[in-house]
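This report refers to the structure that appears directly beneath it.
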Amino acid sequence: MSRPTPLRDVHESLGATLTDFAGWLMPLRYGSEAAEHRAVREAAGLFDLSHMGEIFLTGPQAGEALDFALVGHLSALTPGRARYTMIVNERGGVLDDLIVYRLGDEEFMVVANASNSEKVGNELKIRAKAYDAVVEDRSDQYALIAVQGPRSQEILATLTDADLGGLKYYAGLPGLVDGRRALIARTGYTGEDGFELFVANQDAVPLWHAITAAGEPYGLKPAGLSSRDTLRLEAGMPLYGNELSAELTPFDAGLGRVVKFDKPGDFVGRSALEAVKDDTPKRRLVGLVARGRRVPRHGYPVTKDGAVVGEVTSGAPSQSLGKPIAMAYVDTGAESGLAVDIRGSHEPVDLVELPFYRRNK
């Protein structure tokens, strides 16, 4: 049975289409996913992300424990900053991609994907055993609400005295939003400017209503998982289970930059990743833009002269480009003459570098 978020009643009152996602009952859309997508690109969208996992590491060696457990150099973070990183297995395969926030000198919060949250928490406990650090999964205590889009700062500024303008990308600060305590983070998964608000479960509903009211004059709309997926696809952001998996290393996904070999000490997967860091991957992650109107979908073969040279990992119609787009792993060297096999019809596509969309800053 799917687990509801604290905002379930709100979603039902808005007529949302609810679906199971990673064991959670989540809003897929509230009406038109195209309209929700455009709202985020042009104004702002309001998302319930309470299914994400929040795992805390505290103690004198919490930073060192994370340096060993993850591929990034997390002890180098200053309090108030965040970093995108990954947890890998001994073979270098990606178990999850994460955002780590340093909340204080001896306190970190690891945000994991919903489908992997329990696995990540358990793995962190095992990897932190040799360190003076405590690992605690507090996912049940938090709701997560995101405001994403070019007008998100204007909207939130009506509800908080926090210095939103001074908050850098991938940084967070504690503050009051509508009088409710929150960690306000300038992070997101849409390719737009925006904020993610970590709040106590009991504050989720009143805060959602307050943001909805504040955002109405600015064109804010509630947005579901469908638009979140098309937004992150346009922004070239990977989705675990599609572009990332335990069979792929960060280098396979073109994200080798997150692996920090120059940090002190060992880390899980280091030897395996060092062995492949200078190799040319057999396949690389690329963007595909369809010439026609048929949409390449996850799992569809990518072909060249009739031979399979890759596979689509994510695909959807792009509201911003007006064409179907996809991400795919394609054989290195296969640059032109590509097509996607859509139910037996080889539909021509053009290979492009990611991302498909960049916001105007």
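Owing to the predicted nature of the structure, the values given are computational and were not obtained by experimental measurement. The figures that follow rest on heavy atoms only: side chains count, while hydrogens, waters and symmetry mates do not.
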List the atom of H11, the atom of L18, and the distance in Å for their closest heavy-atom pair. CB-CD2, 3.9 Å
Stepwise, does the side chain to side chain contact (heavy atoms under 4.5 Å, CB included) test hold for L103 with F108? CA-CA 5 Å; L103 305 180; F108 295 78; over 6 Å; no
Is it the case that the side chain of T160 and the backbone of A157 share a donor-acceptor pair, with hydrogens and angles ignored and the cut-off at 3.5 Å? no
Between R232 and S314, is there a side-chain heavy-atom distance shorter than 4.5 Å? yes
Does atom CD of E118 have more than 12 heavy-atom neighbours from other groups under 6.0 Å away? no
Can the positive tip of K168 be found less than 6.0 Å from the middle of the six-membered ring of Y170, inside 45° of the ring normal? no
A side-chain contact here means heavy atoms from C-beta on lying under 4.5 Å apart; do L231 and E192 qualify? no
Verify same cluster id: V276, V94 (apolar side-chain graph, 4.5 Å): yes
Any sub-3.5 Å donor-acceptor pair from K263's side-chain atoms to D67's backbone N or O? yes
Could you state the interatomic distance from CG (L285) to CG (L255), rounded to the nearest 0.5 Å? 8.0 Å
To check you understand the geometry: which heavy-atom pair defines the closest contact between Q61 and D132, and what is its length? OE1-N, 2.7 Å
Is the distance between the ring centroids of Y101 and F56 under 6.0 Å? no
I'd like to know if the side chain of E311 reaches the main chain of Y329, judged simply by a donor and an acceptor atom lying under 3.5 Å from each other, with no hydrogens or angles considered. no
Does some side-chain heavy atom of L173 sit less than 4.5 Å from a side-chain heavy atom of L167? yes
R294 to Y300, cation-pi by 6.0 Å centre distance and 45° axis angle: no
Worked verdict on R29 versus S227 for side chain to side chain contact (heavy atoms under 4.5 Å, CB included): CA-CA 7 Å; R29 67 181 68 84; S227 61; over 6 Å; no
